[in-house]
Amino acid sequence: MTHMNFAPLSRYRGRFAPTPSGPLHFGSLVAALGSYLDARAVGGEWRVRIEDIDPPRCPRGAADTILRQLEAFGLEWDGEVLWQHPRGGAYEDALERLKALGLAYPCSCSRKQWREYAIYPGWCRSGAGNASAPCAWRLRSDRGEHPARFDDRLLGTLAFDPTLLGDVVLKRKDALFAYQLAVVVDDAEQGMTDVVRGVDLLDNTPWQRQLQQALGYPRPSYLHLPLIVADNGQKLSKQNLAPRLADNDRGIRRQLFDALTALDQAPPAELARGTPREQLAWGTAHWSTARLATAPTRPAPQEA
Ligand code: GLU
């Protein structure tokens, strides 16, 4: 009998990647839970990455609070947490490659100069208007796949014209790297096979797809989850002071149950009294993206 060696199929690896601008709220719990269940349901890995590339926006201690909150909700991650703040060298290398490919250019324009336009009109594409001024680095959105297409597991095949979204900033004038570049470099270097996150990030995906293509990175699969909105229809966010997640046992059980409900998983009523471990075990065993309705928003539960 001959024995054949099969290359292992690439194992699912997903992540929750919060920006530590404040503690997690109910909306972030739904994103964390959705990515966790999607990974665990197929025996995959689930990682946490702290996206702290913008220190002025990240109060001291917020990242640790987030990690403690994930633990309190039973959302245990695999491996070490990846922190973005010490990874400037990796982002700089990627930017250098984009520059060499003619896909990134320095831009001295201020927001004020182009305030009458919906997107940055690309004036510095042929050379920075004021090369001695501090410059940001922007992506040539016109030099890539048009339209940019990707499949979302919930929303189907989506096509965007990246030029209508504009030449996104990759590195800011204050020398901080921008989310778009950091997220793409880290997803690739960490071997992420699946990106599961809120639908508020959907219109960032075309730039990320363009960057993946330019840098020769593999394409992860995408699932954009519904967003939790407050009574006024606005997304729950740290900026509009969404309350932080519960930190007492009763509240944690309730909010985990509410998050399973917000993800359309229809948990049985008695599960609301279950421990986080019991609720996550049920959620993992029953996780079904087919149950997710395509409606882009869900109301926040009353107590959240
Ligand atoms: N750091 C981003 C946020 O907190 C999420 C990044 C992502 O999932 O791609 O909104």
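Counting starts at 1 for both ligands and their atoms, in listed order. These numbers come from a predicted model, not from an experiment. Side-chain atoms are counted along with the backbone in the values below, which use heavy atoms only and exclude waters and symmetry mates.
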inquiry  = Suppose I only count heavy atoms of Glu51 and a 4.0 Å limit; which atoms of ligand 1 are within that range?
reply    = 1 (N), 2 (C), 5 (C), 6 (C)

query = With a 4.0 Å cut-off, would you call Asp167 and Arg125 a salt bridge?
reply = yes

query = Any idea which part of Leu201 is under 4.0 Å from ligand 1, heavy-atom wise: side chain, backbone, both or neither?
reply = side chain

Residue, atom name and distance, where the atom is the protein heavy atom closest to atom 8 (O) of ligand 1 = Arg15 NH1, 2.8 Å

remark   = atom 3 (C) of ligand 1 sits nearest the protein heavy atom Thr19 OG1, 3.6 Å

query = With a 4.0 Å cut-off, would you call Arg47 and Glu80 a salt bridge?
reply = no

ask   = Does the ring of Tyr120 carry Arg138 above it, NZ/CZ under 6.0 angstrom from centre and within 45° of its axis?
value = yes

Contacting atoms of ligand 1, where contact means under 4.0 angstrom from a heavy atom of Arg197 = 7 (C), 8 (O), 9 (O)

request  = Can you sort out which atoms of ligand 1 are near Val183, meaning under 4.0 Å from one of its heavy atoms?
outcome  = 9 (O)

query = Would you say Gln210's side chain and Ser141's backbone share a donor-acceptor pair under 3.5 angstrom?
reply = yes

query = Are the charged groups of Asp186 and Arg87 less than 4.0 angstrom apart, N to O?
reply = yes

inquiry  = Return the closest protein heavy atom for atom 5 (C) of ligand 1 as residue, atom name and distance.
reply    = Ala17 O, 3.3 Å

task = Tell me, please, whether Trp207 has Arg209 positioned over its six-membered ring: NZ or CZ under 6.0 Å from the ring centre and within 45 degrees of its axis?
result = no

Side chain, backbone, both or neither: the part of Tyr179 lying under 4.0 Å from ligand 1 by heavy atom = side chain

